[in-house]
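Read the numbers this way: they start at 1 and go in the same order the structure lists the ligands and their atoms. Everything numeric in this text was worked out from a predicted model, so none of it was measured.
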Amino acid sequence: MTLELDITPLSSWMPETPYPLLIAGPCSLETEEQALSTARELAKDKRVHVIRGGVWKPRTRPGSFEGIGSIGLEWMKKIKEETGLMVGTEVANAQHAENCLKADIDVLWIGARSTTSPFVVQEIADVLKGSDKVVMVKNPMNPDLSLWMGALERLNTVGLKKLVGIHRGFSPFQETKYRNYPGWKTYIELRRSMPNLPIICDPSHIAGKRELVGEISQKAFDMGFDGLMVESHIDPSCALSDAAQQFTPTDLFKMIDKLVIRKQTIEDAEFGSKLDQLRNRIDILDTELMELLSARSEIVNQIADYKKNNNVMALQIDRWTKMMNNRIDTANKLQLNDTFIKILFQLIHEDSVRQQTEYIDNME
Ligand code: PEP
Ligand code: MN
């Protein structure tokens, strides 16, 4: 499904600059001194457009720092006055949104935990109705595209047009390298489903560790994100939240200096024809892959027939385990990513069991 939202393009509210949208600032505003000194350092670099700072922090577990509260909005006003930059914070309920309107905060975002709750999103939308605030929506904790789109639709329906999606990764169900696994597939689906929506990446919450923020940021630019929201603290070692993933402003700029921003495409005949040739080869290989799958499916039918005649079940776990181990060995030899091969063969096998059970049903 493709949905054309009524969107004001990023270029019309983002100050002119050659760099994609860059939002930077502390995870949480902690003291006036910490907020202002971080913002002052960040504002020295013209690539920064918006200073972020959380004042209400919905934490997964109780007992952690839950934000300084509305006083932080006063510090944001000072940041705005002093630096001339836009300022942004997270809102998690209608009261937060009202306070932000009063304090004239420019950018409000709905956090990952709140996007999961349609009533909360609707209450925030109802408060912001009639304003021309920039409203950003982080993906929900779980890779549920409909919840993410639903929140954006609710905001658009009340007339908010300066909308942006923020990809911050998903809560992992097992230990991973990153704090939140990137799940780029869901980002790609959002791009396809809402083609005119600007989408930025939050590499800090994906990475969880500052050493990994650079690689996620580069990946984000390679995948066509419109900008980044990155956490930065004047002294990360004493940050009250997300200490491990925050950069000092100096280190943030060092990381950003290394990023390569690629063009979407280039108007160059030689580049175009080389790319066409490579794409043709991919098209041919994909057709061959499908021909192989079709031949495999023929054999699956023969197996189904054979099992049926001998009164044997369609699913045989032993065979399945052996087959999977063998495929992963082969994947390693061929230098293919073994997680990818595992998922691929799970799908292939699932379809083969479906085919065998349907085959049996049809014969009865
Ligand atoms: C944040 O931006 O500081 C934050 C809490 O993010 P998320 O909602 O992505 O967890
Ligand atoms: Mn944070």
Side-chain angles (χ1 to χ4, degrees), residues 21-30 34-35 38-39 42 50-69 72-73 75-76 86-93 96-97 100 105 107-117 120-121 124 134-144 147-148 151-152 164-172 176 178-183 186-187 190 199-210 212-213 216-217 220 225 227-248 252:
L21 176 61
L22 182 57
I23 303 178
C27 174
S28 303
L29 298 189
E30 298 163 2
Q34 168 256 6
T38 311
L42 292 171
V50 183
I51 301 288
R52 67 153 277 160
V55 303
W56 300 285
K57 304 295 302 176
R59 307 306 295 275
T60 303
R61 307 271 314 277
S64 335
F65 177 59
E66 292 196 330
I68 200 74
L73 301 182
W75 307 339
M76 292 231 116
M86 297 170 91
V87 288
T89 199
E90 171 175 348
V91 288
N93 62 36
H96 297 162
C100 284
I105 301 299
V107 177
L108 286 68
W109 76 85
I110 298 182
R113 290 158 195 78
S114 310
T115 307
T116 348
S117 173
V120 166
V121 174
I124 294 173
V134 175
V135 189
M136 306 194 170
V137 180
K138 290 204 175 192
N139 62 260
M141 302 292 281
N142 53 326
D144 186 331
L147 275 175
W148 200 2
L152 289 154
V164 176
I166 308 179
H167 179 65
R168 52 78 77 200
F170 304 101
S171 206
T176 63
Y178 303 116
R179 175 177 173 192
N180 289 294
Y181 71 94
T186 310
Y187 153 72
L190 182 67
I199 311 177
I200 65 171
C201 181
D202 168 350
S204 305
H205 288 90
I206 294 180
K209 295 190 196 80
R210 73 183 72 80
L212 301 176
V213 174
I216 297 287
S217 305
F225 278 85
L228 299 177
M229 177 194 268
V230 196
E231 288 187 344
S232 172
H233 188 293
I234 196 73
D235 183 2
S237 67
C238 52
L240 297 182
S241 59
D242 293 351
Q245 71 196 29
Q246 303 203 60
F247 287 104
T248 60
L252 172 71

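- Partners of Asp202 according to the side chain to side chain donor-acceptor pair (under 3.5 Å) rule, which considers only residues two or more places apart in sequence or in another chain, are Lys138, His205.
- Among the atoms of Lys57, some N or O lies under 3.5 angstrom from an N or O of ligand 1.
- Looking only at protein heavy atoms, the nearest one to atom 4 (C) of ligand 1 is His205 NE2, 3.5 Å.
- Near Glu90, the atoms of ligand 1 lying under 4.0 angstrom from a non-hydrogen atom of the residue are 4 (C), 5 (C).
- With ligand atoms numbered from 1 in the order given, ligand 1 contributes 3 (O) to contacts under 4.0 Å with heavy atoms of Cys27.
- Pairs passing the salt bridge (Lys or Arg N to Asp or Glu O under 4.0 Å) check and including a residue from residues 229-247, sequence neighbours excluded, read Arg52-Glu231, Arg179-Asp242.
- Annotation: Asp242 places no N or O atom under 3.5 Å from an N or O atom of ligand 1; distance criterion only.
- Under a 4.0 angstrom heavy-atom cut-off, Gly54 registers as lying outside contact with ligand 1.
- Heavy atoms only, all atoms of each residue included: Thr248 and Ser232 are closest at C-OG, 3.7 Å.
- For ligand 1, the atoms closer than 4.0 angstrom to any heavy atom of Gly111 are 8 (O).
- Val135 places none of its side-chain heavy atoms less than 4.5 Å from the side chain of Ile124.
- Remark: ligand 1 atoms within the under-4.0 Å shell around heavy atoms of Arg113 are 7 (P), 8 (O), 10 (O).
- Distances from the Mn ion (ligand 2) to each N, O or S atom of Asp242 single out OD2 as the nearest.
- Listed for the Thr116 side chain is a donor-acceptor partner under 3.5 Å among the backbone atoms of Ala112.
- Counting heavy atoms closer than 4.0 Å to ligand 1, residue Glu231 contributes side-chain atoms (C-beta onward) but none from N, CA, C or O.
- Considering backbone and side-chain atoms alike, Ala112 places an N or O below 3.5 Å from some N or O of ligand 1.
- Ring geometry for Tyr187 versus His167: interplanar angle of 30 to 60°, hence tilted.
- When each of Pro26, Ser64, Ser28 is checked for a side chain to side chain contact (heavy atoms under 4.5 Å, CB included) with Ser241, only Ser28 meets the rule.
- For atom 9 (O) of ligand 1, the closest heavy atom belonging to the protein is Arg168 NE, 2.6 Å.
- Note: angle at the Mn ion (ligand 2), from SG of Cys27 to NE2 of His205, is 170° (rounded to 10 degrees).
- Counting just the N/O/S atoms of Glu231, the one with the shortest distance to the Mn ion (ligand 2) is named OE2.
- Scanning the protein heavy atoms around atom 6 (O) of ligand 1, the nearest turns out to be Lys138 NZ, 2.9 Å.
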